[in-house]
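Following this message is one structure expressed as structure tokens.
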Amino acid sequence: WERVWCNRLVMAEHKAFDPVAWDSLKKANPVKPGDLITLGFDGAQFDDSTGLVATHVETGFQWVLGAWEKPYGKDDWQIQADEVDDAVSAAFERYKVWRMYADPPYWQSWLAKWAGKYGEDKVMEWWTNRRKQMSYALENFSTAITSKTLSHDGDINLARHIANAHRHDLPQRDEDGKPLWLIRKERSDSPKKIDLAMAAVLSWEARTDAITSGADKKQDAGLFML
């Protein structure tokens with residue numbers, strides 16, 4: 001209707017995630033210092049935004065540990081990488097981090113530093129441009145929302161990025177014949193960011209892998225040390 005009668009371009013794609021369903025997952029933070037968590041990291045340097053999201057392995061609770069976003073209309077903005085480093089350091093000091101999945105572009109040197117400091121088995125590159133792997137991770141995250149396996153603290157920036165994410169179906173299909181899909185902004189030059197949503201997906205994927213590996217049972221047995 002908008003396109004035909006108002007001469008306004010609109011996206012034919014649907015939102016990737018239901019904002020109402022996301023809002024319904026809000027709950028009190030159950031996480032304590034020393035608990036086992038996973039991290040997801042997606043970032044930029046001069047544009048877009050950078051986010052660090054944690055997931056509690058035991059309960060599936062997510063919260064934002066850091067969000068750095070370019071102010072609208074400010075062209076000379078650059079992220080303060082030391083602030084990101086401080087947030088990552090604080091996470092590893094306060095919690096037992098099973099693994100951090102991080103999209104490498106623009107942050108390779110920092111990922112190398114963090115891997116050297118915390119262990120190559122703790123900080124891992126997770127390339128979001130791998131279409132099949134990314135699609136499966138998104139489907140896993142979407143299922144966690146609809147099944148209410150996931151919860152969060154209601155962070156307004158994460159909710160905004162979740163709502164900004166648009167679903168883009170790919171020509172490839174999965175084993176069940178359903179189309180693979182990715183998330184992207186409503187348009188390439190849109191000021192509506194989705195980086196925190198991507199960080200949340202990576203954090204959830206790390207949590208899934210932690211459970212698959214039996215990391216939650218090892219924590220219960222007291223096998224993890226800070």
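For the single chain, residues carry numbers from 1 onward in sequence order.
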### Query
Any ion pair linking R160 and E69 (charged N to carboxylate O, less than 4.0 Å)?
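Here E69 pairs with R160 in a salt bridge, since their nearest N and O are under 4.0 Å apart.
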
### Query
Are F92 and V31 joined in one hydrophobic group, where the rule is that I, L, V, M, F, W and Y side chains link up if heavy atoms are under 4.5 Å apart?
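Yes, one cluster joins them.
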
### Query
Hey, mind stepping through W68 and E83 against side chain to side chain donor-acceptor pair (under 3.5 Å) and telling me if it holds?
CA-CA 9 Å; W68 300 265; E83 294 181 8; 3.2 Å; yes

### Closest contact, heavy atoms only, L65 versus A91
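Shortest heavy-atom contact: CD1-CB, 3.7 Å.
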
### Query
Hey, mind stepping through S49 and H161 against side chain to side chain contact (heavy atoms under 4.5 Å, CB included) and telling me if it holds?
CA-CA 10 Å; S49 57; H161 284 218; 3.4 Å; yes

### Task
Give a yes or no answer on whether the side chain of R130 reaches the backbone of W127 with a donor-acceptor pair at less than 3.5 Å.
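Yes, R130 side chain to W127 backbone: donor-acceptor pair under 3.5 Å.
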
### Task
Using the six-membered ring wherever Trp is involved, compare the ring planes of W107 and W114 and label them parallel, tilted or perpendicular (cut-offs 30° and 60°).
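W107 and W114: parallel rings.
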
### Task
Specify the closest pair of heavy atoms between A21 and I145, including all atoms of both residues, with the distance to one decimal.
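It is CB-CG2, 4.2 Å.
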
#### Entry: Close side-chain approach of L170 to R131, heavy-atom, < 4.5 Å
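Counting from C-beta outward, L170 and R131 do come under 4.5 Å.
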
### Task
Evaluate the side-chain proximity of W110 to V84: yes if any heavy-atom separation is below 4.5 Å, no if none is.
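In short, these two side chains do not touch, never coming nearer than 4.5 Å.
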
### Query
Can you hop from F141 to L182 via hydrophobic side chains spaced under 4.5 Å?
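In one cluster with F141: L182, yes.
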
### Query
If every non-hydrogen atom of P71 is compared with every non-hydrogen atom of W77, which pair is closest and at what distance?
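Minimum heavy-atom separation between P71 and W77: CD-CD1, 3.4 Å.
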
### Query
Picking from L196, N157, I156, what satisfies side-chain contact (heavy atoms from CB on, under 4.5 Å) with V64?
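That would be L196; it is the only one of L196, N157, I156 passing the side-chain contact (heavy atoms from CB on, under 4.5 Å) with V64.
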
### Message
Filter on side-chain hydrogen bond (donor to acceptor under 3.5 Å, both in side chains), then keep only pairs touching residues 17-28, sequence neighbours left out; what's left?
### Response
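Listed by first then second residue: W22-H152.
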
### Task
First locate atom CZ of R99, then atom OG of S213, and finally report the distance between them rounded to the nearest 0.5 Å.
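So the gap between those two atoms works out to 7.0 Å.
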
#### Entry: Interatomic distance, L138 atom CG to Q133 atom CD [nearest 0.5 angstrom]
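Reported value, rounded in 0.5 Å steps: 12.0 Å.
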
### Query
Would you say the side-chain atoms of S147 pair up with the backbone N or O of T143, donor to acceptor, closer than 3.5 Å?
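Between the backbone of T143 and the side chain of S147 there is a qualifying donor-acceptor contact (under 3.5 Å).
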
#### Entry: Validation row: N164, E186 side chains within 4.5 angstrom (heavy atoms)
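They are not in side-chain contact.
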
### R207 side-chain N/O to T38 backbone N/O, donor-acceptor pair under 3.5 Å
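Absent.
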
### Query
Could you give the distance from CG (D153) to CG (N29), rounded to the nearest 0.5 Å?
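The CG atom of D153 sits 6.5 Å away from the CG atom of N29.
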
### Task
Rounded to the nearest 0.5 Å, what's the gap from CG on D42 to NZ on K193? Could you check?
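If we round to the nearest 0.5 Å, D42:CG and K193:NZ are 12.0 Å apart.
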
### Message
Is the shortest side-chain heavy-atom distance between I183 and F17 below 4.5 Å?
### Response
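In contact.
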
### Message
I'd like to know if K113 and D85 make a salt bridge, using a cut-off of under 4.0 Å between side-chain N and carboxylate O.
### Response
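Answer for the salt bridge query: yes.
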
### Task
Examine distances only and state if a side-chain atom of Q108 and a backbone atom of Y106 form a donor-acceptor pair shorter than 3.5 Å.
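Present.
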
### Query
Is the closest side-chain heavy-atom distance between V123 and Y101 below 4.5 Å?
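V123 vs Y101: side chains apart.
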
### Task
Check whether any side-chain heavy atom of D35 sits under 4.5 Å from a side-chain heavy atom of H56, and report yes or no.
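Yes; the side chains approach each other to less than 4.5 Å.
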
### Query
Would a hydrophobic clustering, with Ile, Leu, Val, Met, Phe, Trp and Tyr connected at side-chain separations under 4.5 Å, put L25 with W204?
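In one cluster: yes.
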
### Query
Which is it for K117 and S89 under the side chain to side chain contact (heavy atoms under 4.5 Å, CB included) test, yes or no, and what are the steps along the way?
CA-CA 10 Å; K117 185 175 181 180; S89 297; 3.6 Å; yes

### Task
State plainly whether the residues D189 and R187 are in salt-bridge range, i.e. N to O under 4.0 Å.
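A salt bridge links D189 with R187.
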
### Query
What's the shortest heavy-atom distance between I79 and A44, and which atoms?
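For I79 and A44, the tightest heavy-atom pair comes out as CG2-O, 3.7 Å.
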
### Query
To the nearest 0.5 Å, what is the distance between NE2 (H166) and OG (S190)?
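It comes to 7.5 Å.
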
#### Entry: Side-chain (D176) to main-chain (K178) donor-acceptor, under 3.5 angstrom
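Here the side-chain-to-backbone pair does not exist.
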
### Task
Return the minimal non-hydrogen interatomic distance between A54 and S203, and the atom names on each side.
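Looking at all heavy atoms of both residues, the shortest contact is C-OG, 3.4 Å.
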
### Pairwise distance CG(D86) to CD(Q80) - rounded to 0.5 angstrom
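Between D86 CG and Q80 CD, I get 11.0 Å after rounding to 0.5 Å.
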
### Query
Does Q62 reach the main-chain N or O of V53 with its side chain, forming a donor-acceptor pair under 3.5 Å?
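No, the answer is negative, given that no donor and acceptor are paired below the 3.5 Å cut-off.
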
### Query
Do D174 and K132 come close enough that some side-chain heavy atom pair is under 4.5 Å?
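The answer is no; the side chains never approach within 4.5 Å.
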
### Message
Quick check on the hydrophobic clustering: are W126 and W98 connected, directly or via other members, by side-chain heavy-atom contacts under 4.5 Å?
### Response
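Result: no, two separate clusters.
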
### Message
Taking the six-membered ring of W181 as reference, does the cationic atom of R184 (NZ for Lys, CZ for Arg) lie under 6.0 Å from its centre and within 45° of its axis?
### Response
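Relative to the ring axis of W181, which defines the angle, R184 lies outside at least one limit.
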
### Pairwise side-chain contact, M124 with M100, heavy-atom cut-off 4.5 Å (strictly under)
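The answer is no, as the side chains (C-beta and beyond) never meet within the 4.5 Å cut-off.
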
### Task
Say whether L202 and L52 are linked into one hydrophobic cluster, either directly or through other cluster members, by side-chain heavy-atom distances under 4.5 angstrom.
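No, separate clusters.
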
### Query
Should we count CD of E120 as having more than 12 external heavy atoms under 6.0 Å?
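No, the 6.0 Å shell around CD holds no more than 12 heavy atoms from other groups.
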
### Neighbour count >12 (heavy atoms, 6.0 Å) for atom OH, Y118
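Above 12, so yes.
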
### Task
Taking only Lys NZ, Arg NE, NH1 and NH2, and the carboxylate oxygens of Asp or Glu, determine whether R167 and D169 approach each other closer than 4.0 Å.
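Counted as a salt bridge, because a side-chain N and a carboxylate O are separated by less than 4.0 Å.
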
### Task
Show your reasoning for whether side chain to side chain contact (heavy atoms under 4.5 Å, CB included) applies to W63 and T55.
CA-CA 7 Å; W63 72 107; T55 304; 5.8 Å; no

### Task
Start with the C-alpha gap between F41 and T50, add the side-chain angles, then the distance that decides, and say whether side chain to side chain contact (heavy atoms under 4.5 Å, CB included) holds.
CA-CA 8 Å; F41 177 80; T50 293; 3.5 Å; yes

### Query
Does any N or O in the side chain of K122 come within less than 3.5 Å of the main-chain N or O of V97, such that one atom is a donor and the other an acceptor?
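Confirmed, K122 side chain pairs with V97 backbone.
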
